[in-house]
Amino acid sequence: MWSHLKEKGVELPKITSGGINEKIKPVLSEMEEAGIRIDCDGLSLLEQKLNNRIDKLEKEILKKADCDFNINSPSQMAEVLFKKLKLPVDGLKRTKSGVSTAAQELRKLADQHEIISPILEHRELSKLVSTYLKPLPLLVDENSRLHTHYGLETTTGRLTSFEPNLQNIPIKGKYGMEIRRAFVAAPGMKLIAADYSQVELRVVATLAQDKSMLDAFTSGTDIHAKTASEIFHIPEVEVTHDQRRVAKAVNFGIVYGQTPFGLSQAIGISTEEAVKYIGDYFAVHTGIKEYINEMIAKAHKDGYVETLFGFKRYFPEINGRARYLAESEERMAINTPVQGSAAELLKLAMIKINSKLKTQNSKVETEKLARMILTVHDELVFEVPESRAEEIAKIVEDEMSSVIKLPIPIEVTVGVGDNWAECK
DNA sequence: ACAATGGTCC
DNA sequence: ACTCGGACCATTGTA
């Protein structure tokens with residue numbers, strides 16, 4: 001499907017998507033076995049701290065509601081907010097059972113009642129405690145190491161992580177980094193974190209042969225700033241923080257098969273504005289527009305699309321009468337080659353790096369092994385002897401950025417530290 | 001045991 | 001009326 005890209009400078013190794021999956025299985029097993037060391041005391045200290053705050057917030061919320069109810073229950077929360085306190089429901093999303101109390105909706109009510117702010121903070125903190133701080137320490141082995149399990153059964157070719165899921169460890173917010181600080185290197189070792197920057201946008205630029213995007217990545221410009229200059233019709237140097245934020249959402253949306261409504265919801269603008277931004281975007285990015293049309297056409301005609309390495313995803317409903325299902329599958333047809341090819345790049349890099357590390361490790365004693373211990377979609381984490389950290393960081397960076405030859409650079413950011421948060 | 005709701009990540 | 005890709009997991013409430 002993508003063989004024509006060869007003339008444009010894309011060189012694929014002799015491996016198929018299925019071949020990659022067979023080759024990565026032993027790599028994943030090794031990573032599962034290796035695990036990652038957790039500072040349980042650190043987590044439990046943070047848990048206590050958050051629990052104290054949660055207690056205070058709970059008292060505050062119940063007092064402001066002037067009744068007793070279960071804050072963790074969306075239905076009871078809706079009852080209190082919209083029946084007892086009579087907060088306005090217009091413009092709020094609804095669920096099957098009533099008015100939504102999702103954080104995104106509650107934020108719209110922040111000015112209406114002082115109960116909203118403590119509720120949002122309570123939600124945030126109780127999420128961190130119940131999903132991460134409490135369960136993770138229960139799962140460590142005798143060496144304080146956490147062993148996730150990796151799965152290969154996704155519709156796009158990405159990996160999954162479960163029991164526990166280590167691919168959704170917090171990073172944003174007030175406490176995200178504090179939690180990542182508890183993912184530590186063993187004594188005498190360092191962690192290395194290496195991630196691809198904007199790999200999905202680089203992949204779609206390549207698949208679509210979109211001139212504007214290829215130029216941006218070749219010259220190393222800030223891709224979101226460039227998009228902002230295109231949709232706001234201003235010079236790149238005049239782009240404001242907020243314009244860049246909007247442009248970033250547009251770029252993300254491209255990869256997702258975005259609709260004006262979806263974009264408007266994502267960044268809180270009107271659908272009219274969203275229509276304008278998307279229209280102006282496609283006026284410049286004709287390659288992307290064509291890519292989208294081609295994937296939709298192919299999915300309708302052949303019933304599937306595929307990734308760079310030939311992974312196929314089928315769309316059984318795309319020619320059916322259910323419009324919603326068909327449109328949903330059209331968006332998947334746009335996204336799957338992008339997300340799936342990016343996943344294949346990372347898998348191939350993992351296979352190559354694992355082999356390289358094996359060669360390197362053959363010279364050292366068991367205690368000084370350099371191991372790949374975690375993968376999070378576009379990021380790899382390693383635990384390596386302190387003395388070899390810089391040398392191995394360089395190897396990882398080189399292997400990741402040269403994993404296959406694209407017409408544009410594949411940039412990699414590498415960081416070394418004593419814990420995951422420090423690797424930036 | 002299961003669905004609904006909500007939330008974390010890329 | 002409703003909507004942008006891919007996952008996993010905790011809690012509540014119902015069956």
Side-chain angles (χ1 to χ4, degrees), chain A residues 69-79 93-106 119-120 122-136 139 148-173 175-176 179-180 195-201 203-204 249-267 271 274 278 292 295 305 307 313 322-343 346 374-380 420:
Chain A
F69 72 104
N70 185 346
I71 298 170
N72 292 322
S73 163
S75 70
Q76 292 183 38
M77 180 62 74
E79 171 93 17
K93 203 163 79 179
R94 302 190 62 89
T95 65
K96 286 177 182 172
S97 44
V99 184
S100 168
T101 68
Q104 204 186 338
E105 305 304 309
L106 293 190
I119 290 173
L120 290 172
H122 185 280
R123 277 265 178 82
E124 182 188 350
L125 301 192
S126 53
K127 173 72 179 181
L128 297 180
V129 170
S130 70
T131 307
Y132 306 102
L133 299 177
K134 225 155 86 91
L136 290 184
L139 295 170
T148 186
H149 301 78
Y150 289 105
L152 283 166
E153 298 80 18
T154 61
T155 51
T156 59
R158 267 194 180 180
L159 299 171
T160 60
S161 160
F162 58 96
E163 288 173 20
N165 181 2
L166 295 187
Q167 294 184 326
N168 70 346
I169 300 301
I171 187 169
K172 305 173 205 166
Y175 301 101
I179 292 179
R180 290 201 173 206
D195 67 282
Y196 282 124
S197 63
Q198 288 131 8
V199 63
E200 293 195 346
L201 287 178
V203 165
V204 75
V250 170
N251 280 328
F252 267 102
I254 295 310
V255 178
Y256 296 157
Q258 109 189 137
T259 62
F261 181 84
L263 179 64
S264 72
Q265 290 299 300
I267 54 178
T271 52
I278 294 172
I292 290 172
M295 289 310 108
V305 297
T307 60
R313 178 171 182 185
R323 227 187 87 185
Y324 173 74
L325 288 182
E327 285 175 351
S328 172
E329 292 195 339
E330 287 183 349
R331 293 191 292 272
M332 297 171 189
I334 296 166
N335 176 263
T336 296
V338 181
Q339 187 181 124
S341 301
L346 191 81
L374 212 56
T375 170
V376 191
H377 307 307
D378 62 0
E379 175 181 15
L380 298 175
W420 202 1

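Here is the naming used below: chain letters follow the sequence lines, and residue numbers restart at 1 for every chain. Note that this is a predicted model, so its numbers are computed, not measured.
If you check every strand for non-hydrogen atoms under 4.0 Å, A:Ala103 touches sugar and phosphate atoms only. Among the heavy atoms of the strands lying under 4.0 Å from A:Val376 are primed sugar atoms or P, OP1, OP2 only; no base atom is included. Backbone-only engagement by A:Arg313 is indicated by non-hydrogen atom pairs under 4.0 Å involving sugar-phosphate atoms exclusively. Residue A:Lys127 is classed as a base contact, given a heavy-atom separation below 4.0 Å to a base. Contact annotation for A:Glu327: no contact, since no heavy-atom pair falls under 4.0 Å across all strands. As judged by a 4.0 angstrom heavy-atom cut-off over every strand, A:Phe261 is placed among the base-contacting residues. A:Arg331 comes within 4.0 angstrom of the backbone, heavy atoms only, and of no base. Using a 4.0 Å heavy-atom cutoff across all strands shown, A:Glu379 reaches no nucleic acid atom at all. No contact: A:Ser126 has no heavy atom under 4.0 Å from any strand. Within the 4.0 angstrom heavy-atom criterion, only backbone atoms of the sugar-phosphate kind lie near A:Ile171; the bases stay farther away. Note on A:Thr259: a base of the nucleic acid sits closer than 4.0 angstrom, heavy atoms only. Within the nucleic acid shown, A:Thr336 has no heavy atom closer than 4.0 Å to any nucleic acid atom.
Between A:Leu166 and A:Val376 the shortest side-chain heavy-atom distance does not fall below 4.5 Å. Side-chain contact between A:Trp420 and A:Ile179 is absent, with no heavy-atom pair separated by less than 4.5 Å. At least one side-chain heavy atom of A:Arg123 sits under 4.5 Å from a side-chain heavy atom of A:Thr101. Side-chain contact between A:Tyr196 and A:Leu380 is absent, with no heavy-atom pair separated by less than 4.5 Å. For the pair A:His377 and A:Leu346, the minimum side-chain heavy-atom distance is 4.5 Å or more. Annotation: side chain of A:Thr156 is not in contact with side chain of A:Met332 (no heavy-atom distance under 4.5 Å).
Comparing B:dT8, C:dT12, C:dC4 by their closest approach to the side chain of A:Tyr132 singles out B:dT8. Residue A:Glu163 has its side chain nearest to C:dC9 when only C:dC4, C:dC9, C:dA10 are considered. Proximity note for A:Arg180 (side chain, C-beta onward) versus B:dC10, C:dG6, C:dC9: the nearest is B:dC10. Distance from the side chain of A:Thr95 is smallest to B:dT5 among C:dG6, B:dG7, B:dT5. Side-chain proximity of A:Pro135 to the nucleotides B:dT8, C:dA10, B:dG6 is greatest for C:dA10. The A:Thr101 side chain lies nearest to B:dG6 when the options are C:dG5, B:dG6, B:dA4. When each of C:dC4, B:dC10, B:dG6 is scored by its nearest atom to the side-chain atoms of A:Arg158, the top-ranked nucleotide is B:dC10.
Using a 4.0 Å cut-off, no side-chain N or O of A:Thr156 falls inside it from OP1 or OP2 of C:dG6. Look at A:Arg123 and you won't find any side-chain N or O under 4.0 angstrom from OP1 or OP2 of B:dG6. Using a 4.0 Å cut-off, some side-chain N or O of A:Ser75 falls inside it from OP1 or OP2 of C:dG13. Not one side-chain nitrogen or oxygen of A:Asn168 sits closer than 4.0 Å to the OP1 or OP2 atom of B:dG7. At the phosphate of C:dA7, OP1 or OP2 sits under 4.0 Å from a side-chain N or O atom of A:Thr155. Using a 4.0 Å cut-off, some side-chain N or O of A:Lys172 falls inside it from OP1 or OP2 of B:dC9. Taking only side-chain nitrogens and oxygens, A:Ser100 comes nearer than 4.0 Å to OP1 or OP2 of B:dG6. Residue A:Ser73 places at least one side-chain N or O closer than 4.0 Å to OP1 or OP2 of C:dG13.
Counting to the nearest Å, the P atom of B:dT5 and the CZ atom of A:Arg94 are 11 Å from each other. The interatomic distance linking A:Leu159 (CG) with C:dA7 (P) rounds to 12 Å, in whole Å. The separation between A:Leu166 atom CG and C:dA7 atom P is 18 Å, rounded to whole Å. The interatomic distance linking A:Leu136 (CG) with C:dA10 (P) rounds to 9 Å, in whole Å. If you take OH of A:Tyr150 and P of B:dC10, they are 14 Å apart, rounded to a whole angstrom. As a whole-Å value, the separation of A:Leu120 CG from B:dG7 P is 8 Å. Put simply, CG on A:Asn165 is 6 Å from P on C:dC9, counting in whole angstrom units. The CD-C1' distance, from A:Gln76 to C:dT12, rounds to 9 Å in whole Å.
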Checklist entry - When you look at A:Ser100 and A:Glu105, which way does the side chain to side chain donor-acceptor pair (under 3.5 Å) test go after all the steps? => result CA-CA 7 Å; A:Ser100 168; A:Glu105 305 304 309; 5.4 Å; no

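The distance from atom CG of A:Asp195 to atom OG1 of A:Thr375, rounded to the nearest 0.5 Å, is 11.0 Å.
Heavy-atom distances to DNA chain C give each of A:Lys134 and A:Val255 a nearest nucleotide, and the one nearer the 5′ end belongs to A:Val255.
The same atom, C1', is picked in C:dC4 and in B:dA3; the two are 25 Å apart, to the nearest Å. Of the C1' atoms belonging to B:dG7 and C:dA1, the separation is 25 Å, rounded to the nearest Å.
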